[in-house]
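Written below as structure tokens is the structure these notes are about.
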Amino acid sequence: FINTSNNATNYTWDFGDGNTSSQQNPSHNYSAGIYDVTLVANNGICSEVLIANNLIEVGATVTPNFTSNINQICKDDTISFTDITLNSPDSWLWDFGDGTTSILQNPTHVFLNSGNFDISLKTSIQGECIETNSLTNFIEVYADPNIVLTSDEEYSCDIPFLVQFEDNTLNANSWKWTFGNGDSSILQDPIVEFDLFGEFDVELEVVDINGCVSVLSEFHYIITEELIVDFSVSDSIICEYDIVVFSDSSSSSSLIVSY
């Protein structure tokens with residue numbers, strides 16, 4: 001406190017919290033609250049009293065605290081954070097550990113990458129009593145399952161064409177297959193019959209043990225093609241020792257490798 005009284009030689013301070021001082025320019029520590037301050041100044045003959053009501057306002061210690069509706073999530077899921085800080089802060093700064101922030105009191109957030117993330121919350125009251133609380137590895141974001149799809153065959157010139165599909169995705173828990181021919185399956189390793197010629201897209205959706213979902217689409221994965229064998233000759237009526245030229249006119253969208 002700075003005393004600007006004139007012509008006084010003695011001082012009595014009342015800090016409003018039960019403590020006093022006779023120093024001219026005292027210092028004082030307050031606990032949280034609002035305080036009136038009184039100064040009595042005298043010169044041995046005259047005295048004067050100055051009362052400053054609500055002069056000192058001391059905010060309570062604000063220790064940020066927060067929670068979330070879940071701590072382990074999949075990528076692209078939404079998580080809700082809730083500020084539970086006591087003593088009613090009026091500003092918030094969240095850091096989600098992935099390069100993004102928020103100034104909302106209770107934000108939601110979507111993590112786009114997998115990993116462990118530190119979450120911090122900084123609060124204040126009217127720009128004062130600034131405190132930060134950081135929780136290490138508070139959020140774990142699971143990686144999406146990496147689908148490993150194989151089959152024993154992918155191409156055939158004959159129908160019906162039976163194909164054994166296999167999924168070797170790590171920690172897979174459920175499967176949803178579509179094969180482009182109207183068939184579907186929820187088996188891990190289904191056997192499927194293709195009874196028409198054509199090109200078929202195969203799609204597999206996998207949910208792993210953490211509830212995370214991945215979808216893999218393989219376009220024109222299965223091909224059934226009718227190989228049409230045909231040929232022509234240069235001449236069908238010849239004399240002995242004449243040369244006949246045979247020409248292949250077979251049709252196939254795939255390369256014919258032997259005759």
Side-chain angles (χ1 to χ4, degrees), residues 1-5 11-41 48-144 207-213:
F1 292 89
I2 298 175
N3 188 339
T4 58
S5 304
Y11 309 94
T12 300
W13 294 84
D14 186 331
F15 300 115
D17 61 354
N19 293 291
T20 60
S21 174
S22 59
Q23 295 180 8
Q24 183 176 358
N25 299 301
S27 298
H28 186 63
N29 291 323
Y30 281 96
S31 56
I34 299 175
Y35 302 94
D36 303 333
V37 176
T38 302
L39 172 60
V40 179
E48 191 72 31
V49 178
L50 174 63
I51 300 174
N53 294 315
N54 302 328
L55 178 65
I56 302 297
E57 180 177 353
V58 181
T61 300
V62 179
T63 301
N65 196 11
F66 58 89
T67 186
S68 64
N69 64 322
I70 193 170
N71 297 93
Q72 296 172 314
I73 60 171
C74 302
K75 290 193 307 180
D76 301 320
D77 285 350
T78 299
I79 186 169
S80 299
F81 292 92
T82 302
D83 167 48
I84 54 173
T85 306
L86 300 178
N87 299 314
S88 302
D90 56 18
S91 72
W92 304 265
L93 177 59
W94 296 83
D95 188 327
F96 300 114
D98 61 354
T100 62
T101 60
S102 175
I103 58 173
L104 299 177
Q105 181 179 9
N106 300 308
T108 59
H109 188 63
V110 175
F111 290 89
L112 302 180
N113 297 299
S114 59
N116 295 307
F117 296 90
D118 304 338
I119 308 298
S120 69
L121 173 60
K122 179 188 291 186
T123 61
S124 65
I125 300 177
Q126 297 181 2
E128 304 294 337
C129 307
I130 300 172
E131 296 288 343
T132 301
N133 183 24
S134 297
L135 297 181
T136 303
N137 296 332
F138 185 71
I139 299 298
E140 181 180 5
V141 181
Y142 298 122
D144 291 336
V207 181
D208 67 12
I209 58 176
N210 298 315
C212 301
V213 181

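Residues take their numbers from the sequence shown, with the count starting at 1. What you see is a predicted model; the values in this text were computed from it and never measured.
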Practice task
Would you give the length of the straight line joining atom CD1 of Ile119 to atom CG of Asp95, rounded to the nearest 0.5 angstrom?
Solution key: 7.5 Å
Practice task
Check whether any side-chain heavy atom of Phe15 lies under 4.5 Å from a side-chain heavy atom of Ser21, and answer yes or no.
Solution key: yes
Handout entry: Heavy-atom closest contact (Val141 atom, Ile139 atom, distance)
Key = CG2-CG2, 3.9 Å
Handout entry: Separation of Leu39 CG from Asn3 CG (nearest 0.5 Å)
Key = 5.0 Å
Handout entry: Val213/Asp144 under side-chain contact (heavy atoms from CB on, under 4.5 Å): CA gap, chis, key distance, verdict
Key = CA-CA 6 Å; Val213 181; Asp144 291 336; over 6 Å; no
Handout entry: Side-chain touch Leu93/Thr123, heavy atoms, less than 4.5 angstrom
Key = no
Problem - Any donor-acceptor pair under 3.5 Å from Asp14 side chain to Gly16 backbone - result: yes
Handout entry: Stepwise side-chain contact (heavy atoms from CB on, under 4.5 Å) test for His28 and Asn19
Key = CA-CA 9 Å; His28 186 63; Asn19 293 291; 3.6 Å; yes
Exercise for the section: Hey, could you give me the CD1/CD distance between Ile2 and Gln24, rounded to the nearest 0.5 Å? Expected result: 11.0 Å
Handout entry: Flag, side chain of Asn116 to backbone of Asn137, donor-acceptor distance under 3.5 Å
Key = no
Exercise for the section: Check for a donor-acceptor pair, side chain of Asn53 on one end and backbone N or O of Asp36 on the other, with a separation under 3.5 Å. Expected result: no
Handout entry: Ser124 and Ser91 side chains, donor-acceptor separation under 3.5 Å
Key = yes
Pair up each side-chain donor or acceptor in residues 69-79 with any protein partner under 3.5 Å, not counting sequence neighbours, and list the distances.
residue	atom	partner	partner atom	Å
Asn69	OD1	Ser80	N	2.9
Asn71	ND2	Phe138	O	3.2
Gln72	OE1	Tyr142	OH	3.4
Gln72	NE2	Glu140	OE1	3.1
Gln72	NE2	Tyr142	OH	3.4
Asp77	OD2	Cys74	N	3.4

Exercise for the section: Verify side-chain contact (heavy atoms from CB on, under 4.5 Å) between Phe1 and Val37, making sure each step is shown before the conclusion. Expected result: CA-CA 10 Å; Phe1 292 89; Val37 176; 4.2 Å; yes
Return a table of donor-acceptor pairs under 3.5 angstrom between the side chains of residues 103-114 and protein atoms on other chains or two or more places apart.
residue	atom	partner	partner atom	Å
Gln105	NE2	Asp83	OD2	3.3
Asn106	OD1	Asp83	N	2.7
His109	NE2	Asp98	OD2	2.8
His109	NE2	Thr100	OG1	3.3

Practice task
For the pair Phe66 and Phe81, name the ring-plane relationship: parallel under 30°, tilted 30 to 60°, perpendicular over 60°.
Solution key: perpendicular
Handout entry: Validation row, ring centre Tyr35 to ring centre Tyr30 under 6.0 Å
Key = yes
Exercise for the section: Without swapping roles, check the side chain of Asp90 against the backbone of Gln126 for a donor-acceptor pair under 3.5 Å. Expected result: yes
Exercise for the section: Check for a donor-acceptor pair, side chain of Trp13 on one end and backbone N or O of Gln23 on the other, with a separation under 3.5 Å. Expected result: yes
Problem - Non-hydrogen side-chain atoms of Tyr11 and Ser22 separated by less than 4.5 Å - result: no
Completion exercise
All heavy atoms of Thr85 vs all of Asn65, minimum pair found to be OG1-N, 3.0 Å
Handout entry: Test item: Ser88 and Ile125 side chains (from C-beta on) under 4.5 Å apart, heavy atoms
Key = no
Handout entry: Separation of Leu55 CG from Thr38 OG1 (nearest 0.5 Å)
Key = 10.0 Å
